[in-house]
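Below is one structure, written out as structure tokens; the observations come after it.
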Amino acid sequence: MNSSMETKWQKRWEDAGVFEAVPSEKQAFFVNVPYPYMNGFFHLGRSFTFLRADVVARFKRMEGYNALFPFAFHCTGTPIVAAAQRVAEEEEKQIQILKEMGIPEEIIPEFSDPVYWTEYFPEEGKKDLKRLGMGVDWRRTFKTTSLNPHYDAFVQWQFRRLKDMDLVGLGEHPVIWCTKCKSPVGDHARLEGEGETPQEFTLLKFRFNDSYLMAASLRPETVFGQTNMWVDPDLEYVKAKVNGETWIVSRPCAEKLSHQNKAVEILDTIKGEELLGKTCIAPGIDREILILPSGFCDPNKGTGLVTSVPSDAPDDWMGLYDLQEDPELCTKYGLDIEHVRRVQPIAIITSKGWGDFPAVEICKKMHIESQYDRENLEKAKKEIYKSGFYTGRMNKNCGKYAGMKVEEAKDLIRQELIDGGKADIMYEPSGHVVCRCLTPSIVKIVKNQWFIKYGDSLWKEKAHRAVEKMEYYPETVRKQFHYVVDWLNDWACTREFGLGTRLPWDQKWVIESLSDSTIYMAFYTFYQLIKDVDPDTITDEVFDYLLLGKGDPNSIAERTGISIDILRKSKEEFDYWYPFDVRTSGKDLVQNHMTFCIFNHVALFPEEKWPLGFAVNGWVMLDMQKMSTSRGISLFLREAMDKYGADTTRITLMYGGEGIDDSNWDTQFADTIGSKLEAWQDFAVETYRTGRKDIKYIDRWFESVVNATLVDVTEAYRQMNFRTALQKGFFDMQRYLRWYLRRCDEPNNQVISDFIEIQTKVLAPIVPHVCEEIWENLHKEGFISLAEWCFPNHEKIDHAVIQVEEFVEQVIDDLQEIVRVAKIENAQKAYLYTAEDWKWEVVNLVRNERDVKSAMQKAMQSELVRQHGKEAAKFIPKVVQERIFPQQINEEDVLQEAEDFISCEVGLKMEINPEYDPQNKKKAAMPGKPGIYIE
RNA sequence: GCGGGGGUUGCCGAGCCAGGUUAAAGGCGAUGGACUCAAGAUCCAUUCUCGUAGGAGUUCCGGGGUUCGAAUCCCUGCCCCCGCACCA
């Protein structure tokens, strides 16, 4: 429902180019956000991050900086392409998603073209952001990928430079792969198994005659507990020549291995049944173990053979248990039941919460009845694995690994087995993945995969230096960045398909979406100047000049044909704006994008162009519930604005939270805050330049308290603590205002007018539309968006005056409480007695004393106090223990002055310091707390 | 398990770094009152327990300690959230 008022101001800002930032004498302030991926409309969450950038830019602008806030759109990667493909195939689910977004049905077919997405959503997104009143310099806006040749050239430059520095290299990389499509299967291209990734298994080799039975294990450390081998009697396994050895595996496994750097040649087949009752040699322990039948060997998982560790694997325990309880089955397969029953679990790991045989225990605990209770067994497996891995230690049965943490032993054991030729490696998807073509996916090792070498230790060192120099909002995330820099490893930076920039020296690769977006903040600084230049002329030496200051602009201009003017101006903009001051983002990007940004900057730019600051925020919750599209708990920015308009949406978002904790969209707040803003608008416009001329004490109080608050508010804005800024800058100030108006029937003209300006300016970064409207109605020149910030006037902060007013409030509270508690009916008159001088003398004397004894000594030095020796002896301990140390004021004068007000507030007549004292209340008076008698 | 952040009065959420002015801001909700024909909005008061004189008692996840004094500092236990990747 954006009001026409909001639209009006948005148009005026645009017409006046208020947010089109141009280098000037002023100090630059450059804030930006990670550009959003454009496969839909903006949700409240993203909008929150963007809005924080807008608010800080608006604040800085008022603070006197030349603020730049640019925006762009990210289209790199596969989701858009895949979604478009789905639309082309008229897939119901995808079309439903678009419909639910509110896309008109008739244009949905257009979405079968990925390019259409990159045009439609940025355009719509831009509309939404404008409607929210975002102060973006839209001249600098661009989209990514080769669809934008200028950006394309920029990313190519970046990668060539990285390669020159040997920070990009080749390696191998496992990916989820479809054998039918002969391509990797990204999340988007999966019918099933989103989020699943390649997982490494240790392939254990069990000597069996002249060949090896192979079993895939995720827990190589449990080799010490192997008791037997499981096969599926009904399954036909293959004997295959793999890298010169003969392996026995399932047929699908042989196929998979051939995609994982192994030469596989199938020689023969062998039925599972033929293996039963025979033995093989278990690796790691070199022990002869029995081959037994089970129902859980899956030819499509691992090798189709499973090594059995009944102590720690619930499946194995149940398999063994079932068999030992079933003599008939044993007979069927010609197994000696006694022989089978002799197979017993071996204790190998001691872990928190479990005895020697965790698998046995958990099966009992969960009442698992057989090896076919798959669901519970999966749960049990997870739990045992977790506690075993994280809390377990290898026990005495584990040879030289005894006593070692499982976490450490695991890798060592795995490596020893591999080095000793007793094991190999294979990959499987971490869960079931099915390609859209209905083929189950496998893992393929892609060779010649390009990596960015974030694992490089020298590079890390430099990145740490940058992390250390930067500012963070909030500061707590600094540690997180240091941690991520250490933890980050080489990053596969190319993909075989999707939108993006081609890897310049190996054109079959597309640069992946997190890798083409690490230094583009620099691109904002001059994009508006070069976007009409023929992209073919923008060569590396152009970027070398603009970004690194290399080369001579005149000769570059000559060689490329780009006008020297454009080159010079672009360079000037870059040097003026860069480095950026703050990049603000959701916390999800800390561990990848934000850290990549640091890495790439320190590699490519000189130190003075390294990022200066990061701001990180949490997720937006919806009325305390986590947003989740699938559960229907989500709100598009445009939906919020339809209902509440821009300013209310803005203030609700900004009041929702700050810092790295999740913030909350409070619908109730949104429902009510609009009318409060309107009330402020009405008040401001009606009251401005009205009121009395003379100055009263309460005017000074109001100015004191407003300016004191302003100190905090300004600091809160600087720290990007916008919730606090609102709390103090709006709610607290409004409370003071109410008190002020109550206290003096008519406000002072100057004081109230100043306040109206201050309050409006304080709100301006967050609710700019209504503030512009007020500003105009106050007949102020120009936009409030460009007005100077209301810096606190420290001279107006008078702490004594603030204390005096606290005293008055205290007296009113006491009066009210007495009437209430004592249930005095028809109370008529209050008699107030201020503390006697000698009590003040005590307070002043013992102000810095902490223990009663020395306070007593000190106070008793005073003649005046000594005169009240007996009373003083009681009074002094009380003062010290209860820390009654107010600054001395003339309470009688204050009460006289405030008499009418207090009297009116409490509905009692008053008499101050009268002789009449029927209940001896005069003695009860304390400094800061007069004695009171009411009748 | 590792790394990070937490556990505050009905809910949300300040305070904690720099111990005392903290029964503990503010918002929301609730209750009472004013206004109103009425509702809403607005304003005032109350909202841990007890209390016919401004007070007292018990509180800031549990336990212990330091201190004249602890929500705040130290030790310890329990619990919760986020991340642990190749994905935008």
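Naming: A, B, ... by sequence-line order, numbering from 1 per chain.
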Might you list the N or O atoms of the protein lying below 3.5 Å from N or O atoms in nucleotides 30-36 of chain B, with each pair's distance?
none

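- Heavy atoms of A/K676 sit under 4.0 angstrom from primed sugar atoms or phosphate atoms, though from no base atom.
- When each of A/V467, A/T595, A/I598 is tested with A/V484 by the rule side chain to side chain contact (heavy atoms under 4.5 Å, CB included), just one qualifies, namely A/T595.
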- Task: Decide side-chain contact (heavy atoms from CB on, under 4.5 Å) for A/Y520 and A/H74; before the verdict, give the C-alpha distance in whole Å, the side-chain angles of both, and the deciding distance to 0.1 Å.
- Result: CA-CA 11 Å; A/Y520 69 90; A/H74 199 200; over 6 Å; no
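- Proximity note for A/H74 (side chain, C-beta onward) versus B/G26, B/A88, B/G83: the nearest is B/A88.
- Across the protein-nucleic acid pair, A/W665 atom CH2 and B/C28 atom P stand 16 Å apart, rounded to whole Å.
- Taking atom P on both B/G63 and B/C28, the two are 35 Å apart, rounded to the nearest angstrom.
- Remark: A/E805 engages A/R743 in a salt bridge (Lys or Arg N to Asp or Glu O under 4.0 Å) (not counting sequence neighbours).
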Under 3.5 Å donor-acceptor pairs involving side-chain atoms of residues 811-820 of chain A, not counting sequence neighbours:
from: A/D814; atom 1: OD1; to: A/Q810; atom 2: NE2; distance (Å): 3.1
from: A/D814; atom 1: OD1; to: A/K929; atom 2: NZ; distance (Å): 3.2
from: A/D814; atom 1: OD2; to: A/K929; atom 2: NZ; distance (Å): 2.9

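- Both A/T76 and A/L488 lie close to RNA chain B; mapped to their nearest nucleotides by heavy-atom distance, the more 5′-ward contact belongs to A/L488.
- Just one of A/E935, A/K829, A/E911 meets the side chain to side chain donor-acceptor pair (under 3.5 Å) condition when paired with A/Y916; it is A/E935.
- Closest to the side chain of A/Y655, from the set B/C87, B/G27, B/G3, is B/G27.
- Evaluation of the ring-ring contact (aromatic ring centres under 6.0 Å, His included) rule for A/F683 yields A/W680 as partners, not counting sequence neighbours.
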- Message: Across nucleotides 47-55 of chain B, 5' to 3', mark each nucleotide with B, S or - according to how protein heavy atoms within less than 4.0 Å reach it.
- Response: ----BBBBS
- Query: Reading nucleotides 8-14 of chain B 5' to 3', which nucleotides get B (base under 4.0 Å from a protein heavy atom), which S (sugar-phosphate only), which -?
  - Reply: ----SS-
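- Using atom P as the reference point in both B/G20 and B/C73, the two lie 11 Å apart (nearest Å).
- Distance, A/F451 CZ to B/C86 P: 12 Å, rounded to whole Å.
- Heavy atoms of A/I660 sit nowhere under 4.0 angstrom from any nucleic acid atom.
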- Should A/H464 and A/D486 be marked as a side-chain contact (heavy atoms from CB on, under 4.5 Å) after you check the CA-CA gap, both sets of side-chain angles, and the distance that decides it? CA-CA 9 Å; A/H464 275 302; A/D486 277 332; 2.8 Å; yes
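- Taking atom C1' on both B/U22 and B/G77, the two are 27 Å apart, rounded to the nearest angstrom.
- Of all nucleotides listed (B/C28, B/A88, B/G83), B/A88 comes nearest to the side chain of A/P79.
- Rounded to a whole Å, the CG atom of A/D588 is 15 Å from the P atom of B/C86.
- A centroid separation of 6.0 Å or more is found between the aromatic rings of A/F121 and A/F73.
- Taking atom CG of A/L589 as the reference point, atom C1' of B/A85 lies 13 Å away to the nearest angstrom.
- Base pairing of B/U9 is not made with any nucleotide, judged by Watson-Crick or G-U wobble geometry with both donor-acceptor distances under 3.5 Å.
- Summarising the base pairing, B/U59 is matched to no nucleotide, lacking a Watson-Crick or G-U wobble pair whose two defining distances lie under 3.5 Å.
- Two residues are said to be in side-chain contact when any heavy atoms from C-beta on lie closer than 4.5 Å; A/T476 and A/K479 fail this criterion.
- Using N1 to N3 plus N6-O4 or O6-N4 for Watson-Crick, or N1-O2 and O6-N3 for G-U wobble, each under 3.5 Å, B/U46 pairs with B/A30.
- Side chain of A/F669, nearest nucleotide from B/A85, B/G27, B/C43: B/G27.
- Remark: B/C2 base-pairs with B/G83; criterion is Watson-Crick or G-U wobble with both hydrogen-bond distances under 3.5 Å.
- Rounded to whole angstrom, the span from the CD atom of A/Q591 across to the P atom of B/G83 amounts to 8 Å.
- Taking atom C1' in both B/U47 and B/C87, the straight-line distance is 49 Å, to the nearest Å.
- Heavy atoms of A/D490 sit under 4.0 angstrom from at least one base atom.
- Remark: the separation of the C1' atoms in B/A85 and B/C16 is 34 Å, to the nearest Å.
- A distance of about 16 Å separates the P atoms of B/C75 and B/G3, rounded to the whole Å.
- Within 6.0 Å of the NZ atom in A/K587, the count of heavy atoms belonging to other residues, nucleotides or ligands exceeds 12.
- Taking 4.0 Å as the cut-off between side-chain N and carboxylate O, A/K922 and A/D917 do not count as a salt-bridged pair.
- Around the NZ atom of A/K923, the shell of radius 6.0 Å holds no more than 12 heavy atoms that belong to other residues, nucleotides or ligands.
- For A/F730 and A/Y655, the ring centers are positioned 6.0 Å apart or more.
- Within the 4.0 Å cut-off from OP1 or OP2 of B/A88, at least one side-chain nitrogen or oxygen of A/S513 is found.
- Within 4.0 Å of A/R495, counting heavy atoms only, lie sugar-phosphate atoms of the nucleic acid but no base atom.
- Separating the P atom of B/U49 from that of B/U59 is a span of 15 Å, rounded to the nearest Å.
- Using C1' as the reference atom, B/C79 and B/G29 are 27 Å apart when rounded to the nearest Å.
- Taking only side-chain nitrogens and oxygens, A/K626 comes nearer than 4.0 Å to OP1 or OP2 of B/C82.
- Straight-line distance from the CH2 atom of A/W487 to the C1' atom of B/C82: 13 Å, rounded to whole Å.
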- Between A/Q828 and A/L908, is a side-chain contact (heavy atoms from CB on, under 4.5 Å) present by the stated rule, with each step listed? CA-CA 5 Å; A/Q828 294 293 324; A/L908 295 170; 5.6 Å; no
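- One atom, CZ of A/R742, and another, C1' of B/C43, lie 9 Å apart when rounded to the nearest Å.
- Atom CZ of A/F683 is separated from atom P of B/C43 by 12 Å (rounded to the nearest Å).
- Within the 4.0 Å cut-off from OP1 or OP2 of B/A88, not a single side-chain nitrogen or oxygen of A/R46 is found.
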- Checking side-chain contact (heavy atoms from CB on, under 4.5 Å) for the pair A/Y427/A/I445: CA distance, chi angles, key distance, verdict? CA-CA 9 Å; A/Y427 291 91; A/I445 293 180; 3.8 Å; yes
